[in-house]
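Values below: every heavy atom of this structure, side chains too, minus hydrogens, waters and symmetry copies.
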Amino acid sequence: MPLDPDEFAGVCDLFGGLTRAELAGAVADLAARRGDEYDRQSHDRAVANARAAYALLEVAPDAIDGLDVDAPLLVPGPRAFPTTPEGGEDLPHLLDAPRRDVPRDAVETALRARLAADVAALDNDGADDGEDGGSDEGAADRDVETPDPDVLIDVTYDAAALTGTDFTDVRERIADAR
């Protein structure tokens with residue numbers, strides 16, 4: 001049962017944030033209730049795609065004071081239009097996951113770190129002359145190839161709307177990395 005990136009964001013938004021395992025459980029429950037098939041590998045790929053599209057953002061547990069969580073939380077990202085999937089409105093009553101109020105500053109910190117990794121990938125890609133320049137440390141965090149600078153610039157505007165902070169500095173770094 002594939003969900004689109006906005007539906008993943010919608011499920012996470014129902015709770016404020018979910019761990020990967022909690023999101024997988026929620027989607028598996030939705031699939032069972034609909035009589036649909038659920039495949040964890042397909043689910044994991046779809047979540048990676050939602051993260052790559054900035055529809056989901058991963059917030060580290062140590063960045064969230066006051067929440068009892070030991071794994072990163074997935075929260076709606078700046079490119080998401082959170083949409084509750086069909087049958088999803090019952091998930092808060094069915095899933096054993098608490099409502100979490102993820103502070104805006106934790107979301108901003110995670111978003112700036114993600115954008116910094118993508119800008120660094122742009123820098124590395126522009127400096128790559130075909131020789132092996134070492135590992136791309138941010139690649140595992142990004143789950144994608146080198147990002148498109150135009151998309152990243154758009155993301156910074158969406159990020160400003162989501163967090164209420166200015167991302168001009170990031171846009172300038174993206175422009176410099178082109």
Side-chain angles (χ1 to χ4, degrees), residues 1-13 16-20 23-24 26-27 39-64 71-85 102-178:
M1 178 191 106
L3 294 183
D4 68 37
D6 290 333
E7 289 174 319
F8 281 123
V11 171
C12 290
D13 196 40
L18 291 172
T19 65
R20 286 178 182 254
L23 180 58
V27 173
D39 174 58
R40 180 62 189 254
Q41 287 181 328
S42 295
H43 167 86
D44 289 344
R45 279 191 304 276
V47 168
N49 290 337
R51 288 186 63 228
Y54 280 87
L56 287 178
L57 183 66
E58 193 167 86
V59 180
D62 59 347
I64 309 168
L73 292 180
L74 294 169
V75 300
R79 299 301 299 254
F81 292 99
T83 304
T84 304
V102 180
R104 188 177 275 189
D105 63 327
V107 173
E108 178 188 355
T109 299
L111 190 45
R112 285 187 180 277
R114 167 74 193 279
L115 284 164
D118 282 346
V119 172
L122 289 175
D123 286 337
N124 290 340
D125 190 50
D128 188 8
D129 61 2
E131 295 179 24
D132 184 14
S135 69
D136 180 2
E137 294 175 13
D141 292 335
R142 287 190 325 274
D143 294 328
V144 295
E145 299 175 6
T146 302
D148 178 341
D150 293 328
V151 170
L152 290 180
I153 287 175
D154 288 345
V155 168
T156 64
Y157 288 106
D158 296 330
L162 177 69
T163 64
T165 57
D166 187 17
F167 280 77
T168 301
D169 60 321
V170 179
R171 276 191 294 282
E172 289 171 354
R173 287 197 308 265
I174 294 167
D176 290 344
R178 285 182 168 183

**OP:** Begin from the C-alpha positions of L74 and F8 and carry the test side-chain contact (heavy atoms from CB on, under 4.5 Å) through to its verdict.
**Re:** CA-CA 9 Å; L74 294 169; F8 281 123; over 6 Å; no
How long is the straight-line distance from [atom2] of [Y] back to [atom1] of [X], given to the nearest 0.5 Å?
| X | Y | atom1 | atom2 | result |
| --- | --- | --- | --- | --- |
| L56 | R51 | CG | CZ | 8.5 Å |
| D6 | T83 | CG | OG1 | 5.0 Å |
| Y54 | T156 | OH | OG1 | 10.0 Å |
| D158 | F167 | CG | CZ | 10.5 Å |
| E108 | L162 | CD | CG | 9.5 Å |
| I174 | D123 | CD1 | CG | 10.5 Å |

Nearest heavy atoms of [X] and [Y], plus distance in Å:
| X | Y | answer |
| --- | --- | --- |
| A63 | A106 | O-CB, 3.4 Å |
| A55 | A9 | O-CB, 3.7 Å |
| G16 | V102 | O-CG2, 3.6 Å |
| V75 | G17 | CG1-CA, 3.9 Å |
| L18 | C12 | CD1-CA, 4.1 Å |
| P76 | D13 | CG-CB, 3.7 Å |

So do [Y] and [X] actually touch side chain to side chain, heavy atoms under 4.5 Å?
| X | Y | result |
| --- | --- | --- |
| T168 | R171 | yes |
| L57 | R79 | no |
| L122 | L152 | yes |
| T84 | V11 | no |
| I64 | P103 | yes |

**OP:** Determine, for R114 against E58, whether the closest basic-nitrogen to carboxylate-oxygen distance falls under 4.0 angstrom.
**Re:**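 So R114 does not pair with E58 through a salt bridge.
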**OP:** Output all residues satisfying salt bridge (Lys or Arg N to Asp or Glu O under 4.0 Å) with D169, sequence neighbours left out; order by chain, then residue number.
**Re:**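 In terms of salt bridge (Lys or Arg N to Asp or Glu O under 4.0 Å), with neighbours along the sequence ignored, D169 is linked to R112, R173.
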**OP:** Under the salt bridge (Lys or Arg N to Asp or Glu O under 4.0 Å) rule, collect the residues that match up with D154, sequence neighbours excluded.
**Re:**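 D154 satisfies salt bridge (Lys or Arg N to Asp or Glu O under 4.0 Å) with no other residue.
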**OP:** Mind checking side chain to side chain donor-acceptor pair (under 3.5 Å) for D176 and listing every partner two or more places apart, or none if nothing turns up?
**Re:**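 Checked D176 against side chain to side chain donor-acceptor pair (under 3.5 Å); zero matches.
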